[in-house]
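In this text, all values refer to a predicted model and were calculated from it rather than measured experimentally.
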Amino acid sequence: MAKLGKFILYMLFFFVSIVVLFPKVNAYYLLEEYLQKEKIVFSQEKVSEHNFGLQITNTHLSYESIEVADIQSIQLKIFGFYNKLVIHDVKINSIASGWFPATIKEVDIAYSVINPLKISGFVKGEFGNAKLTFSLLELKLIVTMQVSKKMLTTYAKTLRKMKKEKNGAYSYEQIIKF
Amino acid sequence: MNKLLNSSFLTMLQTLLALLVIAKIISFIASVLLPEKGVELIANKSLTPNYHRVDFKNMIENPQQKKRVVPKVSQGMNLTNMVLKGLFGKGREGFIIIALKVSSNKTSIISVGENYSGYRLKSILSDGAVFEKNVQEYILRIDSKKIDTKTAYIEEVKEESNTVKVQRSNITHYQKNPEAIWKDIGINEIKNGNTIDGFRVTYVRKGSKMDMLGLKKGDIIIKANNKELHSYKDAFDIYNQINTLNTISIVIKRDNNEKELVYEID
């Protein structure tokens, strides 16, 4: 029992050392190269790392060289047993505002070893609130939205693509292939 | 002393230090192998065309038409605020007496070739004067029956032209209200595998600002400012740079024929 305890302690210490010492900014640059192949680019950002995570501020997100959104900050917190991604103040390009409200205040995505097969999160914005669930087994994303009045009145066309639940929420499912 | 040296605590400490060193080595190797710079978006080249449109039709004389051709007159329309009060001379010699409606007592005498309120007097007719502005010709006539009170009207010479003048305020309106774009016009891409062969106009709302562009349902937009449209990016490049452009020319396919539409932005 003592040996097991020691082993767990050593592994925990080793993991924490790796997380603290690992060059996270360089790892982010590697991620950017991978995303570039998918035609997704984060540009003009300021990247800084700290012991247990990474912070990216004032970045422009583009897809196929079209500017899609401006993001004020992205914070990644890595604790091993609990990891979190928080995105603040996303402004979507005005050309897309015909389908979706331009501002998303917060995106919060978390992964915990307590529920290892699921990533969950929530999103708040002008559209209302949304709950996200991503199943790592099925690679399925489920979005459940409680929509705001603005979304109901101005963006009714977008809501037609979603399924209306009995409690008034709107849901959307998508299988994501990597 | 031996007890101290053999203590399990020291062993543990040594193990932790060893693990720390291994973690540091792994991090060092990672910092060498991982990229040092990030990816940035490459700025788009300007879409201002490398040429300026010049209308030569007034400069090159048609050898078959030796006599001066009176410009075609189509339906007239009440234009601005000019009143033609008198004519003296004919053709390219002479002068006219003209005033603005708002101050009809303040007349000006303009000779052929001189400018008046942005219009250049080109020639004098028996019952009017031909003005020129931005390569367009206009006729201002005197109504001989009511020379004192009748407002003279300006007729715009309408020839077959694919040039449309677009007000920058209309563009600004759409930039500020992008949802209005999709209410006034519908556009879908025409996919060919992974690329796009152009954009088809699915509807144009009648009476809207988009209606004035001359696009019709079924038109396929294939080029803009000499650049073929093979992706949404190509189309968005034009949209993003529109404030810097004075002219936009698009090539459309209509009934299997290619046609060029030119928009001059005022």
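Counting heavy atoms of neighbouring residues, nucleotides and ligands inside a 6.0 Å radius, atom CG of B:Asp255 does not exceed 12 of them. Annotation for B:Tyr203: atom OH counts as buried by contact number, over 12 foreign heavy atoms lying within 6.0 Å. For CG of B:Leu33, the number of neighbouring non-hydrogen atoms (other residues, nucleotides, ligands) closer than 6.0 Å is greater than 12. No more than 12 heavy atoms of other residues, nucleotides or ligands lie within 6.0 Å of NZ in B:Lys216, so this atom counts as exposed by the packing criterion.
Here the CD1 atom belonging to B:Ile25 is positioned 11.5 Å from the CG atom belonging to A:Leu21, to the nearest 0.5 angstrom. Put simply, OG1 on B:Thr15 and CZ on A:Phe7 are 12.5 Å apart, with the number rounded to the nearest 0.5 Å. If you take OG on B:Ser231 and NZ on A:Lys39, they are separated by 8.5 Å, rounding to the nearest 0.5 Å. Interatomic distance, B:Leu19 CG to A:Leu12 CG, rounded to the nearest 0.5 Å: 11.5 Å.
Below 4.5 Å, heavy atoms of chain B meet heavy atoms from A:Ser43, A:Gln44, A:Glu45, all part of residues 43-57 of chain A.
Pairing each heavy atom of A:Leu30 with each of B:Pro35, the nearest pair is N-CG, 3.5 Å.
Taking B:Glu36, B:Lys24, B:Lys37 one by one and counting their heavy-atom pairs under 4.5 Å with chain A, the maximum is reached by B:Lys37. Between chain B and the options A:Tyr29, A:Phe14, A:Phe15, A:Tyr63, the largest number of non-hydrogen pairs under 4.5 Å is found for A:Tyr29.
Residues B:Glu40 and A:Phe42 form no side-chain contact, since every pair of their non-hydrogen atoms from C-beta on lies 4.5 Å or further apart. The shortest distance between side-chain heavy atoms of A:Phe13 and B:Leu20 falls below 4.5 Å.
Both the backbone and the side chain of A:Glu33 have a heavy atom closer than 4.5 Å to some heavy atom of chain B.
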task: Give the intermediate values and the outcome of side chain to side chain contact (heavy atoms under 4.5 Å, CB included) for residues B:Leu34 and A:Phe22.
output: CA-CA 11 Å; B:Leu34 291 172; A:Phe22 199 83; 4.0 Å; yes
